[in-house]
Amino acid sequence: MISVAFPLIGRGSWTGGYVYLKNTLRVIGSRLNDKIAPTVFLSPQDIEKYGAELAELTNGKLIVDEDFSDAQRSTSLARSLTHGRDFRLERHLKKAGVDAVFEVASFYGLRFGLPVISWIPDFQHRHMPGMFSQLSRWRREIGFRAQIYSNRTLMVSSQTARDDMENFYPGSRGRGHVVRFAIDLNIPAQIGRAAQLRQKYELPERFFYLPNQFWRHKNHSCIVAALAELRAANSLAELPPVILTGLNKDPRNPEHFDRLMRDVHAAGVESSFRYLGLIPYDDVLGLAATCRALINPSLFEGWSTPIEEAKALGAPLLLSDILIHREQAPHAHFFDPNSPSSLAKALIDSALPQHVARKPVAELLADQNARLVEHAESLMQTVNSAIMRWRGRS
């Protein structure tokens, strides 16, 4: 049995990161429980919000200390740089009997005393530098370079990301492991909530769904422009409404949501662009299970959690034509994210049939299981590789 430690990804403020952590722990619990014993390390401040759920997913194996708080992050990095390792984190992990540790948006030091797996979600700062301040872009770049050139075992969530990594950082070649995130859902239960959720949120039987944070690069503005085109062509009445959920704060562009909603009002498409707010996660899944199609117009993505959820639930997909979407959902309906006309046509094409048959539940469950098996096998291979690499250099 290998003891593997995980940080609280994104410090809990990044919804996708926290979902990623929970589902990784679920995959370990259901498919690797005789091979990996997971531990999560977090601060006392995190316990109230995340402790009960994470304790259940790790059989109570939590390492809790003030050393892991946000206030100590700079101190931890300083130790890693000046001493070659965060010796306090190393001491906590060794005391708990940990064999390997994941590193996400952190750097534990060149001489850290345990095998380290660096998970790099994506390379958005290289593809979209304008989305970052100069300081945050260089902080991210320096962090990635430290991980990549410190002989770490490197983990990415897609072949697209591995190709990027090897292109931007040639020293990573041969060390990147692709672990495609899969999600484990109670599919029959979510499908069974369709009528209840439509009633709860006063939704029609047919609607498009977009569950995503309102960050600028998520490209909600393309939907507004597409709806405006359809209204101008007197075609909006043929279209089910677009229902949106998610956090409406963009820390890099704080005015973005208000500006977007002003554009919705100016275009006269309020009834077709309905924001429900931040809703419970189970309701997000339930809406994905009953929507006409799930939309993602994003200009850039990592391995998208909403798309994995939609795949599991059998929802048709309308996706921006970017490489990662082609890899993650090759059978989706694609549109040009820089062309509202392309999206408008995709919406109309998807709305025209009155009924769209989804896969039977048994087939959805079989597909989900196959993805989870692949996730578990690639994760196990990555952990084993990290330990063997460590032994080889020790």
Side-chain angles (χ1 to χ4, degrees), residues 1-77 79-80 85-109 112-121 147 152-153 155 157 179 181-185 280-282 305 372 375-376 379-380 382-384 386-387 390:
M1 184 78 76
I2 302 170
S3 176
V4 181
F6 297 84
L8 180 61
I9 298 175
R11 308 306 310 161
S13 62
W14 175 30
T15 304
Y18 186 58
V19 171
Y20 180 94
L21 173 62
K22 289 193 298 179
N23 278 281
T24 298
L25 296 175
R26 288 192 182 107
V27 165
I28 291 171
S30 63
R31 287 162 174 80
L32 298 172
N33 63 341
D34 59 337
K35 296 180 176 67
I36 293 178
T39 295
V40 175
F41 53 97
L42 64 170
S43 73
Q45 295 88 344
D46 298 324
I47 284 292
E48 184 175 348
K49 189 171 183 180
Y50 306 106
E53 188 170 39
L54 292 175
E56 183 178 350
L57 292 170
T58 61
N59 293 318
K61 292 179 181 176
L62 304 177
I63 307 173
V64 183
D65 198 276
E66 191 63 39
D67 282 341
F68 311 136
S69 67
D70 282 346
Q72 293 297 316
R73 292 189 73 188
S74 296
T75 306
S76 168
L77 180 59
R79 285 195 294 266
S80 299
R85 71 191 201 282
D86 182 349
F87 56 84
R88 294 177 72 93
L89 172 60
E90 183 182 309
R91 185 168 65 239
H92 287 298
L93 297 181
K94 286 185 172 180
K95 183 178 179 181
V98 168
D99 300 306
V101 58
F102 273 80
E103 177 183 74
V104 185
S106 301
F107 182 60
Y108 304 151
F112 197 72
L114 288 168
V116 177
I117 302 161
S118 293
W119 176 53
I120 301 177
Q147 291 175 325
R152 299 283 204 257
T153 294
M155 188 178 91
S157 300
V179 179
F181 166 82
I183 198 157
D184 193 355
L185 300 182
Y281 179 61
D282 262 4
T305 299
L372 289 166
H375 184 181
L379 179 65
M380 189 73 245
T382 303
V383 170
N384 283 332
I387 292 173
W390 172 261

Are any of the side-chain heavy atoms of [X] and [Y] separated by less than 4.5 Å?
X    : Y    : answer
E53  : Y18  : yes
E103 : F112 : no
I28  : L379 : yes
F41  : V101 : yes
K22  : Y50  : no
D99  : V383 : no
V27  : L372 : yes
F68  : L42  : no

If only side-chain N and O atoms count, and only distance matters, is there a donor-acceptor pair under 3.5 Å linking T153 with W390?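 Note: W390 and T153 side chains miss the donor-acceptor criterion.
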Interatomic distance, [X] atom [atom1] to [Y] atom [atom2] [nearest 0.5 angstrom]:
X    : Y    : atom1 : atom2 : value
Y108 : R152 : OH    : CZ    : 9.0 Å
L8   : D46  : CG    : CG    : 5.0 Å
N23  : H375 : CG    : NE2   : 8.0 Å
L32  : L25  : CG    : CG    : 11.5 Å

Atom CD of residue position E66 - does it have more than 12 heavy atoms of other residues, nucleotides or ligands inside 6.0 Å?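 Counting other residues, nucleotides and ligands, CD of E66 exceeds 12 neighbours.
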Residue of the set F6, Y20, F181 for which ring pair (Phe, Tyr, Trp, His ring centres under 6.0 Å) holds with W119: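 Among F6, Y20, F181, the one meeting ring pair (Phe, Tyr, Trp, His ring centres under 6.0 Å) with W119 is Y20.
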So which heavy atom on [X] is nearest to which on [Y], and how close?
X   : Y   : result
L62 : G51 : CD1-O, 3.7 Å
S3  : G97 : CB-O, 3.4 Å
A96 : I63 : CB-CD1, 3.6 Å

Just by distance, do the side chain of T382 and the backbone of M380 share a donor-acceptor pair under 3.5 Å?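 Pair absent, no side-chain N/O of T382 close to backbone of M380.
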Between R79, K95, R85, which is the residue that forms a side-chain hydrogen bond (donor to acceptor under 3.5 Å, both in side chains) with E90?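 With E90 as partner, side-chain hydrogen bond (donor to acceptor under 3.5 Å, both in side chains) holds for just one option, R85.
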Please collect all side-chain hydrogen bond (donor to acceptor under 3.5 Å, both in side chains) contacts where either partner lies in residues 29-42, sequence neighbours excluded, each pair once. R31-N369
